[in-house]
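One structure is given here, and the rest of the page talks about it.
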Amino acid sequence: MIQVTAQTLGRHIGQEAILEGWVHRVRAMGNFAFLLVRDARGVVQTVLEDPRLVEGLNLESAVRVTGRVVGEPRSASGAELHVTSIEVLSPALEPPPFDLNKKVLEVKLDAILDHRSLSLRHPKERAVFRIEGELVDCFRSYLRGKGFIEIFTSKIVAAGTEGGANLFPIEYMGTRAYLAQSPQFYKQMMIGVFGRVFEVGHVYRAEPHYTSRHINEYLSLDLEMGFIDSEQDVMRMEMGFLATLMGRLQETCAEEIALLGARIPAPQAELPQITLAEAKEVLRQRFGKELSEEDDLDPESERLLCQHSAERLGSEFLFVTRYPISVRPMYAMPDREHPGATRSFDLLFRGMEVTTGGQRIHEHAMLVASIQSRGLDPEDFAFYLEPFKHGMPPHGGLAIGTERLTSKLLDLENIRQAALFPRDIKRLTP
RNA sequence: GGGGUCGUGGUGUAGCGGUUAACAUGCUAGCCUGUCACGCUGGAGACCGCGGGUUCGAUUCCCGUCGACCCCGCCA
């Protein structure tokens, strides 16, 4: 007796098989019945000659079904399981709060999130996370292939990386600590050890956002690389990753992509880039939108620039570079050739900022001066500054917002749909 | 933090100053031998978010409150 899944069923025609999963739907036809069993990745149609086998069988019960795999042209998948016995491993005690076996889960986001463990059973809901998992796995494998070491830094920290009040304070052994808003300092410090590092981990922002693109805990894909010539090296690394990712998703997640109707961009070796000043010129000339010199891009501008990029520059991605010192954190490397600017960039995708990165300051004296220029005390950053006195190479890095990238890739309306159990201003459970 | 829209059976919606509060789906009883959004005939299920006000009468109008979603500020 072999074990089959929705994926492997068609390869076992003529064999006796076991199928395990959940009761997705029952269609009783009179003298026989169809039982649709959903497993980890698909739905299998099984046929029961004796409809009494499904009596008392509730939707979502966990079952083990035994039978013979039969090639069947009348079945949409070409193969089905002719059942001889059904074992209920764990019965559903009550109906699910919404219809999990409809093509689309027509439920408000709030109810979807309130019953997250059940809404995720819907094929379209869970497809998001298979793709997101693949995305993260690709990030890891791509960077390992480029000589990066995966690190795991503490999420309990003594102070923030960028000052500010957007930190979650926590009680720590009688003193005050915070949840990390970024692994920034640690990944930079590890440049002096490994040269190239990356981290996949949650970060925490205590900002009281109330938008469709912010959550207070998100998965940050961070990388930091040493011995670079400029921020362009970091951008090239991201381009390489994204090109690899797009190709790989098409290979490994074709079913999920089709199910969601997602448009995955074609892999591109090179992505367009414009400076912030050029971006503002585009907004002015093409869209009649005026932004002052010190303004950062607002959400509408990000959408317009992405429209511009898709229509005129041949990509749904767009790097925006050369942000002014005033809007970047103290560790951002000033651009000597363009006074007042930093060697930094954002990556926009389908109207949203999905990455921030840049070259960092690696000279101790410059870093101390930068800290002081922000009214901060270098003494408070002693642990961070130490390696900078001991041969810190030129380096840079970036951070990708996983849920943002996923939600844009899949055209999700709200970032929460790309978070398994999202944490926002109001939601702490489930 | 500011602005907007919205709270009606489990879910998703309709509706109206006086209704047996409607429809779909789900649940349930029964019928049906190839469905794949199966179909058909019945049944149960809603004090219309909560509090107050206007009114002979409020689910409907007004105020407050709580909650949700969207936009903005800021960010990934």
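Partners of D99(A) according to the salt bridge (charged side-chain N to carboxylate O under 4.0 Å, His left out) rule, which considers only residues two or more places apart in sequence or in another chain, do not exist here. Remark: H308(A) engages no residue in a ring pair (Phe, Tyr, Trp, His ring centres under 6.0 Å) (not counting sequence neighbours). For E55(A), there are no salt bridge (charged side-chain N to carboxylate O under 4.0 Å, His left out) partners at least two apart in sequence or on another chain. Partners of Y384(A) according to the ring pair (Phe, Tyr, Trp, His ring centres under 6.0 Å) rule, which considers only residues two or more places apart in sequence or in another chain, are F185(A), F388(A). Applying the ring pair (Phe, Tyr, Trp, His ring centres under 6.0 Å) criterion to F241(A), with sequence neighbours excluded, gives F139(A). For S407(A), there are no side chain to side chain donor-acceptor pair (under 3.5 Å) partners, not counting sequence neighbours. Annotation: ring pair (Phe, Tyr, Trp, His ring centres under 6.0 Å) contacts of H82(A) (sequence neighbours excluded): none.
Within the 4.0 Å cut-off from OP1 or OP2 of C75(B), not a single side-chain nitrogen or oxygen of R328(A) is found.
One P atom belongs to G10(B), the other to U41(B), and the distance between them is 25 Å to the nearest Å. Comparing A58(B) with G1(B), their P atoms are spaced 36 Å from each other, to the whole Å. G12(B) and C71(B) have their C1' atoms separated by 24 Å, given to the nearest Å. Taking atom P on both nucleotides, U8(B) is separated from U13(B) by 9 Å, rounded to a whole Å.
Here P299(A) lies in heavy-atom contact (under 4.0 Å) with a base. At a threshold of 4.0 angstrom between heavy atoms, the contacts of D298(A) are confined to the sugar-phosphate backbone, with no base atom among them.
Residue E106(A) is the one, among N31(A) and E106(A), whose nearest nucleotide of RNA chain B lies closer to the 5' end (criterion: closest heavy atom). Residues L59(A) and V47(A) both approach RNA chain B. Their nearest nucleotides, taken by heavy-atom distance, put L59(A) toward the 5′ side.
Defined by atom type and a distance below 3.5 Å, a donor-acceptor pair is present between the side-chain atoms of H395(A) and Q188(A). At a cut-off of 3.5 Å, with distance as the only test, no side-chain donor of S344(A) or Q359(A) sits close to an acceptor on the other residue. There is a side-chain donor-acceptor pair under 3.5 Å between D298(A) and S301(A). Side-chain contact annotation: H122(A) with E125(A), donor-acceptor N/O pair under 3.5 Å absent. For the 3.5 Å distance criterion, the side chains of E80(A) and S77(A) fail to qualify, holding no donor opposite an acceptor.
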Inset, instruction - For each nucleotide in nucleotides 35-47 of chain B, reading 5' to 3', give B when a protein heavy atom comes within less than 4.0 Å of its base, S when such contact involves only the sugar-phosphate, and - otherwise. - result: BBSB---------

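The nearest whole Å value for the distance from the CD atom in Q184(A) to the P atom in C75(B) is 15 Å. To the nearest angstrom, C1' of A76(B) lies 13 Å from NZ of K408(A). Between Q181(A) atom CD and A76(B) atom P there is a gap of 9 Å when expressed in whole angstrom units. Between the C1' atom of C27(B) and the CG atom of L100(A) lies a distance of 14 Å, rounded to the nearest Å. One atom, CG of L223(A), and another, C1' of A76(B), lie 14 Å apart when rounded to the nearest Å. The interatomic distance linking H214(A) (NE2) with C71(B) (C1') rounds to 13 Å, in whole Å. In this structure, CZ of F98(A) is placed 19 Å from P of U25(B), rounded to the nearest angstrom. Regarding R121(A), its CZ atom lies at a distance of 18 Å from the P atom of U11(B), rounded to whole Å.
In this structure, the aromatic ring of Y218(A) is positioned over the six-membered ring of the base of A76(B), centres within 5.5 Å and planes within 30°.
Scanning residues 347-356 of chain A for heavy-atom distances under 4.0 Å to RNA chain B yields E353(A), V354(A), T355(A), T356(A).
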Residues 30-43 of chain A, side-chain donor-acceptor partners within the protein, below 3.5 Å, at least two apart:
unit_1, atom_1, unit_2, atom_2, d
R38(A), NE, R121(A), O, 3.4
R38(A), NH1, H24(A), ND1, 3.1
R38(A), NH1, E60(A), OE2, 3.1
R38(A), NH2, E60(A), OE1, 2.8
D39(A), OD1, R41(A), N, 3.2
D39(A), OD1, G42(A), N, 3.0
D39(A), OD2, A6(A), N, 2.7
R41(A), NE, E256(A), OE2, 2.8
R41(A), NH2, T252(A), O, 3.0
R41(A), NH2, E256(A), OE1, 3.0
R41(A), NH2, E256(A), OE2, 3.4

With the criterion being N/O to N/O and under 3.5 Å, what pairs connect the protein with nucleotides 65-70 of chain B, and how long is each?
unit_1, atom_1, unit_2, atom_2, d
C69(B), OP2, Y210(A), OH, 3.4
C70(B), OP1, N414(A), ND2, 2.4
C70(B), OP2, N414(A), ND2, 3.1

Inset, instruction - Mind running side chain to side chain donor-acceptor pair (under 3.5 Å) on S315(A) and Q268(A) for me, showing each step along the way? - result: CA-CA 8 Å; S315(A) 177; Q268(A) 288 180 287; 2.9 Å; yes

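The local environment of CD in E311(A) is crowded, with over 12 non-hydrogen atoms from other residues, nucleotides or ligands closer than 6.0 Å.
Annotated stems with RNA chain B as a participant read B:1-7 with B:66-72, B:10-13 with B:22-25, B:27-31 with B:39-43, B:49-53 with B:61-65, given as range with range, by first number; only runs of 3 or more Watson-Crick or G-U pairs under 3.5 Å qualify.
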